Amino acid sequence: MENIFVTRPSMPSYEEYCAEIRGLWESKWLSNCGEKHQAFQEALCHVLGTDQVELTVNGHMALELSLAALNLRGEVITTPFTFASTIHAIVRNGLTPVFCDVEPSTLTLDAKKLERLLTERTCAILPVHLYGNLCDMDKIGAIAQRNGLKVVYDGAHAFYEEWKGKSVAAFGDITCFSFHATKPFNSAEGGAVSIRDPEIREQFVMLRDFGIRDAESVKLVGANGKMNELSAAMGLCNLRHIEDETKKREHIDQRYRENLQNIPGVSLRPLQAEVRQNYAYFPVLIDAELFGATRDQVFETMKAHHIFCRKYFYPLASEYGCYRDRFGAPEETPVALSASRSVLTLPMYADLPLETVDYISELFRKAGGK
Ligand SMILES: *Cc1c(COP(=O)(O)O)cnc(C)c1O
């Protein structure tokens with residue numbers, strides 16, 4: 001049997017992509033905000049219902065340069081239950097991450113535990129939308145406003161999602177997206193930001209291009225965060241199909257839910273009310289005692305059958321070799337710690353056949369002796 005991985009990129013037809021990039025062979029313009037870059041940016045503004053979008057080379061640079069553009073000092077409250085990128089973006093800006101625990105149902109930052117972590121050094125909150133679950137943006141926004149804090153959302157898992165009819169890009173000071181090949185929507189590699197304040201956006205654009213203001217003046221210590229034309233063309237093509245691709249993901253999500261509901265010791269991701277979903281991931285939480293097998297045992301069983309699940313997110317950022325004993329212990333965020341030990345993310349991508357979903361579900365059930 002062929003290997004099934006946790007994700008596989010959505011791609012346009014070869015012909016559609018070739019037609020999109022043909023012009024580049026005439027223009028010889030491959031980067032530095034060319035025609036495809038502009039077209040992709042405009043298309044994204046349209047999809048996200050805002051004129052505040054800037055493209056980036058990847059999701060990580062979107063985060064790192066966003067924090068740089070805000071010119072922050074001090075502590076940033078975030079969660080350890082995320083991808084390494086979130087925390088690295090904070091630390092690489094000379095800022096200190098402060099780990100807040102997550103809510104048991106959505107596994108996003110628990111706003112109820114946020115206020116007790118505030119100090120006079122707190123400058124920002126960096127909550128992470130996870131798997132397609134959205135953070136409690138009302139509560140987080142209110143706390144930020146009361147305390148004069150910036151809010152930067154890591155929206156790497158939340159592109160195309162809406163809450164109460166409004167794009168996630170409309171919340172917080174900045175929302176960052178990733179268009180990596182493994183994400184629900186991709187430009188091979190790439191990312192984008194939605195930045196509300198025009199002055200911050202201007203800083204961001206300068207930082208994205210080495211901090212260069214014009215041919216003879218370099219104003220900021222920037223980096224290279226620009227998206228190239230080939231990626232922008234890929235993004236343009238994929239964006240044309242995003243509705244269909246999301247529909248396919250929805251069917252897969254539904255099929256998994258039908259197959260895996262009501263198994264003792266297995267909890268599925270709750271679908272939040274009033275959220276237009278992107279069905280980014282299909283995580284399950286395994287209670288080993290009730291299910292009959294540990295998360296790691298299930299992982300190995302699946303692997304032996306060529307099904308490559310992922311432990312998103314294990315270990316916690318507070319357990320990384322580079323962060324251990326620096327920013328607080330894993331036990332300080334017990335809900336996140338427990339989730340990291342019990343979560344398994346099952347394969348989810350638009351072209352995953354429903355028969356394969358059934359096969360994976362059956363295998364999963366049997367792994368727990370159910
Ligand atoms: C993928 C991801 C990123 C980084 O995006 P890249 O495009 O891979 O650089 C950041 N945060 C989270 C939560 C992610 O999943």
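Both counts, for ligands and for their atoms, begin at 1 and track the order of listing. Everything quoted here is computed from the prediction, not taken from an experiment. Excluded from the calculations below are hydrogen atoms, water molecules and symmetry mates; all remaining heavy atoms, backbone and side chain alike, are included.
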Test ring pair (Phe, Tyr, Trp, His ring centres under 6.0 Å) applied to F282 and Y256, Y349, Y131, the passing residue: Y256
Co-members of the apolar cluster containing F308 [side chain, <4.5 Å]: F5
Basic-acidic side-chain contact under 4.0 Å: E64, R92: yes
Side-chain ion pair, R257 and D253, N-O less than 4.0 Å: yes
Transitive ILVMFWY cluster of V218, excluding itself - 4.5 Å side-chain cut-off: F210, I212
Partner set under side-chain contact (heavy atoms from CB on, under 4.5 Å) for D110, not counting sequence neighbours: E103, K112, K113
For ligand 1, run through the N/O pairs with the protein that fall under 3.5 Å and put one pair on each line.
unit_1, atom_1, unit_2, atom_2, d
ligand 1, 5 (O), S178, OG, 3.3
ligand 1, 7 (O), G59, N, 2.8
ligand 1, 7 (O), S178, OG, 2.7
ligand 1, 9 (O), G59, N, 3.3
ligand 1, 9 (O), H60, N, 2.8
ligand 1, 11 (N), D154, OD1, 3.4
ligand 1, 11 (N), D154, OD2, 2.7
ligand 1, 15 (O), H157, NE2, 2.9
ligand 1, 15 (O), K183, NZ, 3.0

